[in-house]
2 protein chains.
Amino acid sequence: MDDETAPQKGTVTQRAIERIKAMIAEGRLEPGQRLPTERDLAAQLGISRSSMREAIRALTVLGVLEARHGSGIYVTRLEAGDLLETFGVVADLSRGPRLVELLEIRRILESTATALAAARISGDELAEVEKHLAAMNATEDPEEIIAHDLAFHRVIAVAAGNETMAAILEGLSSRTFRARVWRGYQEEGAFARTRREHAAIHRALAAHDPEAARAAAAAHVGEVEQWLWAQLGPQDMPGARGAVAT
Amino acid sequence: MDDETAPQKGTVTQRAIERIKAMIAEGRLEPGQRLPTERDLAAQLGISRSSMREAIRALTVLGVLEARHGSGIYVTRLEAGDLLETFGVVADLSRGPRLVELLEIRRILESTATALAAARISGDELAEVEKHLAAMNATEDPEEIIAHDLAFHRVIAVAAGNETMAAILEGLSSRTFRARVWRGYQEEGAFARTRREHAAIHRALAAHDPEAARAAAAAHVGEVEQWLWAQLGPQDMPGARGAVAT
DNA sequence: GCCACCTGAGTGGTCCGACCACTACGAGTA
DNA sequence: TACTCGTAGTGGTCGGACCACTCAGGTGGC
């Protein structure tokens, strides 16, 4: 009903966004290709440069386009990582019960990804997993631990052979998200438990045992999930006023 | 550390986006709340209205803000559905091997969601599932079938009790995505098979049998997955690692 | 008294033109 | 040949003007 073909539907900018998206979807614009200048594009669609800039900005934050100052506007590679960067925004802006939901999704995907990785992981990838595991255990700096923890799981997700899933999991473990949740979690002396869980995951990967890997990963994320749930059960999180029973 | 806190990092617009996002993350802007006018906001951050408009447009497409012509700018409810609308863009712009990856993710999430739903689904929800199932079988109009198919799975996802997962699954089954893939799939006379699979899912839900529900849902999505894989098999077989039966 | 209508201030939407900051390429030079 | 440096062209920012729409408050009729 609200589909194209009609003279005009929403705002001019919105139409411009759809037009460019359509051009990419139809293959008239290839990944990496350079677009005409803002001025030319605006003229082509018969709109002002301001409106065209808003459309470009919108597609930029969506990871579809990339603007290089002084050079031009380009279509991104359109790979999973480019497009799913916005997933981090969801994680950053979620609070309360939705955080638990996000962790539940991560548990489901991460456990499956780890199981797949156990079956497919190569020697090189396994070595990289071990590298991050060792680095994680060799320092006490929270920042460094989080960084290697992230990389640890990323290697596994990639080894699972699904780039899109790896990108989603990366968004679900974004720096700020992890920092927010883990700050409290780790303060309760969860370091030792985390190390044990990571070791269990590594063991299952090395043994190429998918079921053990699935269980270990599920337990790993599940621990955080349970803790977070308990956190906002009795009292809501600090900063937010009052538990909202929507 | 990674930024100089004081002077400036990226573009003016980018900074404005971060500022507003931060205001929301810190709770200084509540869901549903109205923001100052574009002109005031621009003045507050010391930037031009044009740049502020680009920032607002960016946050609008991300589902964080909502602009109502003549009324004002408001923070959305910030619920999963609002923020994950952009997920549909990923599905719409993905082609070739990435489509299979997306279907694999949908298979994983959908099977788990269906299993959860089997355990939790209420009588009312089950009735709604049956309603869409009947409507789906009562027509030959592809558009209508797709609509009820979508609603069928949506009810199940909601019954699983994870709104975020339901929103993601909705994005993975967006109208255009489904239309693109299913056009070819259904042309091969998959109607009968689809009906049988839907019936199996419903049966498992009615019996409150999670394992049967998981299997039925996985098979349902897996069928499309296999078909799609075969479609682009002969043409391009990129550097994916060996096929592993899951 | 009540309700429909109208008006106007205020808001987002669009356009324009100017200038700045940066990149890329090629002419000029050593 | 290799390097430097200018410059045309690009995205980034700004300010102002006007249009399209919403909504509250007043106005008029009933």
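Because the structure is a prediction, the values reported are computed rather than measured. We name chains A, B, ... by the order of the sequence lines, and we start the count at 1 in each one.
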Exercise. In residues 54-66 of chain B, which residues come under 4.0 Å of DNA chain C by heavy atom?
Worked result: B:Arg57

For this session: Please report how far the helix from C:dG1-D:dC30 to C:dA30-D:dT1 bends, comparing the axis fitted to its first five pairs with the axis fitted to its last five, to the nearest 10 degrees.
Result: 10°

Problem set entry | Side chains of B:Leu172 and B:Leu103 in contact at under 4.5 Å (non-hydrogen atoms) | no

Problem set entry | Given C:dG12, D:dC14, D:dT10, the nucleotide with the shortest approach to the side chain of B:Thr37 | C:dG12

Exercise. If each of A:Arg68 and A:Ser50 is mapped to the nucleotide of DNA chain C with the nearest heavy atom, which maps nearer the 5' terminus, i.e. the 5' end?
Worked result: A:Ser50

Exercise. So which heavy atom on A:Glu125 is nearest to which on A:Ser122, and how close?
Worked result: OE1-N, 3.1 Å

Exercise. Is atom CD of A:Glu85 surrounded by more than 12 heavy atoms (other residues, nucleotides or ligands) closer than 6.0 Å?
Worked result: no

Exercise. Residues in side chain to side chain donor-acceptor pair (under 3.5 Å) with B:Asp82, at least two apart?
Worked result: B:Arg77

Problem set entry | Stepwise salt bridge (charged side-chain N to carboxylate O under 4.0 Å, His left out) test for B:Glu18 and B:Arg15 | CA-CA 5 Å; B:Glu18 299 300 335; B:Arg15 264 180 289 160; over 6 Å; no

For this session: Mind calculating the distance between CD (A:Glu38) and P (C:dT14) to the nearest angstrom?
Result: 16 Å

For this session: May I ask you to decide if A:Leu78's main-chain N or O and B:Arg98's side chain share a donor-acceptor pair within less than 3.5 Å?
Result: yes

Exercise. Looking only at side-chain N and O atoms, does B:Ser51 come under 4.0 Å of OP1 or OP2 in D:dG12?
Worked result: no

Exercise. C:dT23 C1' sits how many Å from A:Ile73 CD1, rounded?
Worked result: 14 Å

Exercise. Taking atom C1' of D:dG12 as reference, at what distance in whole Å does atom CE of A:Met52 sit?
Worked result: 16 Å

Do any N or O atoms of the protein come closer than 3.5 Å to N or O atoms of nucleotides 18-20 of chain D, and which pairs are they?
| from | atom 1 | to | atom 2 | distance (Å) |
| --- | --- | --- | --- | --- |
| D:dA20 | N3 | B:His69 | NE2 | 3.0 |

Output side-chain donor-acceptor pairs under 3.5 Å for residues 159-170 of chain A, partner residues at least two apart or in another chain, one line each.
| from | atom 1 | to | atom 2 | distance (Å) |
| --- | --- | --- | --- | --- |
| A:Asn162 | OD1 | A:Thr164 | N | 3.1 |
| A:Asn162 | OD1 | A:Met165 | N | 3.0 |
| A:Asn162 | ND2 | B:Glu101 | O | 3.4 |
| A:Asn162 | ND2 | B:Glu104 | OE1 | 2.8 |
| A:Thr164 | OG1 | B:Glu101 | OE1 | 2.5 |
| A:Glu170 | OE1 | A:Arg154 | NH1 | 2.8 |

Problem set entry | Separation between OG1 of B:Thr37 and CD of B:Gln44, rounded to the nearest 0.5 Å | 8.5 Å

Exercise. Does a donor on one side chain and an acceptor on the other come within less than 3.5 Å for A:Gln14 and A:Thr11?
Worked result: no

Problem set entry | Heavy-atom check, side chain of A:Leu41 versus side chain of A:Glu38, under 4.5 Å | no

Exercise. What is the distance from OH of B:Tyr74 to P of C:dG10, rounded to the nearest Å?
Worked result: 16 Å

For this session: Using the test side chain to side chain donor-acceptor pair (under 3.5 Å), find all partners of A:Thr76 that sit at least two apart in sequence or belong to another chain.
Result: none

Problem set entry | Minimum-distance nucleotide (side-chain atoms of A:Ser71 versus C:dT23, C:dC15, D:dT13) | C:dT23

Exercise. Atom CZ of A:Arg53 and atom C1' of D:dT10: how far apart are they, to the nearest Å?
Worked result: 11 Å

Seminar exercise, completed: In whole angstroms, the gap separating P of C:dG12 from CG of B:Asp40 amounts to 9 Å

